[in-house]
**Student:** 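Got a structure for you, questions after.
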Amino acid sequence: MPNYEELQNLITQVRRDILRMVHKVNSGHPGGSLGCTEFFVALYNEIMELKEGFDMDGKGEDVFFLSNGHISPVFYSVLARKGYFSLEELNTFRLIDSRLQGHPTTHEGLPGVRVASGSLGQGMSVAIGAALAKKLNGDDHLVFSLHGDGELQEGQNWEAIMYAAGKNVDNLIATIDRNGQQIDGATKDVMPLGDVGEKFRVFGWDVLEIENGNDLKQVIDGLNEAKSRTGKGKPVCIVMKTVMGNGVDFMMHTHAWHGKAPNDEQLATALAQNPETLGDY
Amino acid sequence: MKKYTDQGKQDTRSGYGAGMTELGRTNPNVVSLCADLVGSLKIETFIAENPERFFQVGIAEANMMGIAAGLTIGGKIPFASTFANFATGRVYDQIRQSIAYSGKNVKICASHAGLTLGEDGATHQILEDIGMMKMLPGMTVINPCDFNQTKAATIAIAEHNGPVYLRFGRPKVPNFTPIDQTFEIGKALLLNEGTDVTIIATGHLVWQSLIAAENLENQGISAEIINIHTIKPLDDKAILDSVKKTGCVVTAEEHNYLGGLGESVARVLTQHHPAPQEFVATKDTFGESGTPELLMEKYGLNNKAIEAAVLNVLKRK
């Protein structure tokens with residue numbers, strides 16, 4: 001049984017990290033980060049089998065790829081709190097000479113990151129490649145990936161979706177953050193995506209939904225269900241509904257905080273809604 | 001002048017295929033990817049002998065580059081292959097972010113480069129690929145001149161840890177470099193010593209330079225010929241040593257003069273030893289349909305164009 005209280009404390013602390021990181025440099029993407037906090041905390045602390053330390057090849061462990069790299073704040077916070085690098089380094093987010101670039105990269109050698117992302121739509125292809133390498137290596141661990149829903153507007157995704165199903169890449173679990181928002185507005189207004197799950201299904205994927213991706217139990221149960229469906233000939237897709245900006249009332253249900261940092265007053269309000277649990281960095 | 005013998009015309013893409021066959025037998029980490037052009041890339045033998053190490057991605061080059069990047073995570077050495085046009089311009093951002101910036105050990109193997117693709121026309125005849133690839137930090141750019149050298153280069157890049165762009169072509173051209181040669185990335189090859197002019201050529205234009213040099217010799221002009229198979233990293237020393245001796249240079253490539261080998265040579269000379277230079281290259285134009293020979297004639301990329309460029313540059317010495 002997962003220790004929900006402990007994980008919930010971590011989630012609250014990660015939200016504080018995200019808010020403080022973007023506030024400090026007055027840039028970055030809090031909205032999607034806050035919406036995916038439960039997912040990241042569950043994935044790294046409950047779902048993935050991970051080795052001690054970090055090596056690029058990731059043999060003998062599960063690996064994860066963040067395709068929508070702009071939600072780097074949640075990724076960095078969860079990696080740091082998992083021990084991939086020091087919490088103090090979160091202070092360097094987006095500053096010059098930092099390993100914590102605006103969008104994640106391998107270029108500065110940050111442990112936990114295996115490919116650069118930020119230019120959207122490329123992560124699923126990379127995840128497929130890593131999954132194929134695992135098969136060649138006889139490594140029965142899994143490959144996880146996360147993608148924004150708006151990101152699916154990039155055509156490369158559909159090349160990858162076709163490939164994964166057509167070539168039976170069944171050691172891959174791709175999660176779609178279905179928050180319904182993107183920079184210019186609601187996805188239904190900018191470029192309607194229709195029924196995302198059905199689209200994956202007709203391409204040949206095994207699809208499941210997490211109705212509330214901000215409910216920790218639902219996220220853990222959904223990810224475990226997805227794991228149980230791997231190795232059966234089909235790649236697995238999770239359509240996970242989240243609320244962008246979740247956990248900060250004035251950031252929720254709007255695209256306004258996709259790529260905008262809170263000011264001092266807004267930060268104070270947001271932090272008050274997420275009281276310190278494990279200690280700020 | 002040193003004589004080179006045509007051992008029989010072969011296509012450089014078949015040199016790539018032969019190199020892949022050997023790698024399939026000798027290096028278990030080498031994997032091959034192709035976007036629906038297996039026959040054109042001549043990799044049938046590799047596939048037949050190593051079916052589990054071949055990934056047919058269909059007509060989806062962006063996905064192919066991403067999958068190749070992912071395969072390196074787990075220790076594979078992916079050779080991602082298609083036509084040069086679809087291996088570069090179509091997927092520049094995928095190469096930039098997922099391969100070059102991410103420092104992935106992917107070999108981008110590009111056939112049918114340049115005008116000599118021939119009848120298919122300008123939609124497929126890329127003349128900008130060297131420029132795009134050489135501008136990517138960390139990318140090695142190689143354009144071998146014949147079958148034997150392409151085979152050797154294919155084998156050599158598997159041992160190089162880092163992204164590589166390997167460019168070759170479709171037509172059957174003279175095969176004149178040694179069989180089973182050792183290929184040293186970044187090391188220019190001095191094919192003929194001369195005193196009046198340096199001809200620096202890459203790819204299919206190397207053989208044309210040899211013909212040009214013979215004709216020039218008959219006119220009493222001594223041409224030094226350098227085969228630059230590696231455009232990046234460029235062998236600055238070989239270029240400077242030669243031009244310091246001859247005092248002028250002609251560069252020859254099947255590529256736009258903007259962004260190609262010629263500009264790289266010009267940069268080296270401008271910085272260290274300014275000298276007159278003429279460019280045998282396409283002049284900021286697209287290609288068109290036609291036979292390879294007639295296209296190279298029309299766009300000024302053959303031995304005659306090299307001779308004319310030499311006569312021009314000599315006047316500027």
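The figures here come from the full heavy-atom set of this structure, side chains too, leaving out hydrogens, waters and symmetry mates. Here is the naming used below: chain letters follow the sequence lines, and residue numbers restart at 1 for every chain.
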**Student:** By a 4.5 Å heavy-atom criterion (distance strictly below it), what part of A:Lys167 contacts chain B: side chain, backbone, both, or neither?
**Tutor:** side chain

**Student:** In terms of heavy-atom pairs under 4.5 Å, which option from A:Gln156, A:Lys59, A:Gln122, A:His107 contacts chain B the most?
**Tutor:** A:Gln122

**Student:** Taking every non-hydrogen pair under 4.5 Å, which of B:Gly103, B:Ala69, B:Ser98 racks up the most with chain A?
**Tutor:** B:Ser98

**Student:** Does B:Glu22 come within less than 4.0 Å of B:Arg25, counting only side-chain N to carboxylate O?
**Tutor:** no

**Student:** Answer yes if the side chains of A:His141 and A:Glu49 hold a donor-acceptor pair under 3.5 Å, and no otherwise.
**Tutor:** yes

**Student:** Work out which heavy atom in B:Ala84 is nearest to a heavy atom in B:Tyr165; give both atom names and the distance.
**Tutor:** CB-OH, 3.5 Å

**Student:** Counting only heavy atoms closer than 4.5 Å, note whether A:Glu154 contacts chain B via side chain, backbone, both or neither.
**Tutor:** neither

**Student:** Which atoms of B:Val31 come close to chain A, meaning under 4.5 Å heavy atom to heavy atom: side chain ones, backbone ones, both, or neither?
**Tutor:** side chain

**Student:** What option among A:Asp55, A:Ile128, A:Asn137 has the most heavy-atom pairs under 4.5 Å with chain B?
**Tutor:** A:Asn137

**Student:** Chain B heavy atoms under 4.5 Å from A:Ala160: which part of the residue, side chain, backbone, both or neither?
**Tutor:** both

**Student:** Report the option among A:Trp158, A:Tyr163, A:Phe65 that has the most heavy-atom pairs separated by less than 4.5 Å from atoms of chain B.
**Tutor:** A:Tyr163

**Student:** Return the option, out of B:Arg96, B:Lys76, B:Arg53, with the maximum number of heavy-atom pairs under 4.5 Å with chain A.
**Tutor:** B:Lys76

**Student:** Find the one option among B:Met65, B:Glu52, B:Lys104 whose heavy-atom pairs under 4.5 Å with chain A are most numerous.
**Tutor:** B:Lys104

**Student:** Does this structure show an ion pair linking A:Lys135 with A:Asp170, if we count only N-O contacts that are shorter than 4.0 Å?
**Tutor:** yes

**Student:** Can you confirm whether more than 12 heavy atoms, excluding those of A:Arg81, are under 6.0 Å from its CZ atom?
**Tutor:** yes

**Student:** Considering only heavy atoms and a distance below 4.5 Å, find which of B:Ile73, B:Val57, B:Val91 pairs most often with chain A.
**Tutor:** B:Ile73

**Student:** Give, as side chain, backbone, both or neither, the part of A:Thr106 having an atom under 4.5 angstrom from any heavy atom of chain B.
**Tutor:** side chain

**Student:** With the threshold set at 4.0 Å, does a side-chain nitrogen-carboxylate oxygen contact exist between A:Asp206 and A:Lys234?
**Tutor:** no

**Student:** Looking only at heavy atoms, what is the nearest atom pair of B:Leu33 and B:Ser81, with distance?
**Tutor:** O-OG, 2.8 Å

**Student:** Please report the closest heavy-atom contact between A:Phe85 and A:Leu90, naming both atoms and the distance.
**Tutor:** CE1-CD2, 4.1 Å

**Student:** Should we say atom CZ of A:Arg229 is surrounded by more than 12 heavy atoms from elsewhere, each under 6.0 Å from it?
**Tutor:** yes

**Student:** Just give me the residue among B:Glu61, B:Met64, B:Gln97 that pairs up with chain A most often, heavy atom to heavy atom, under 4.5 Å.
**Tutor:** B:Gln97

**Student:** Chain A heavy atoms under 4.5 Å from B:Gln56: which part of the residue, side chain, backbone, both or neither?
**Tutor:** both

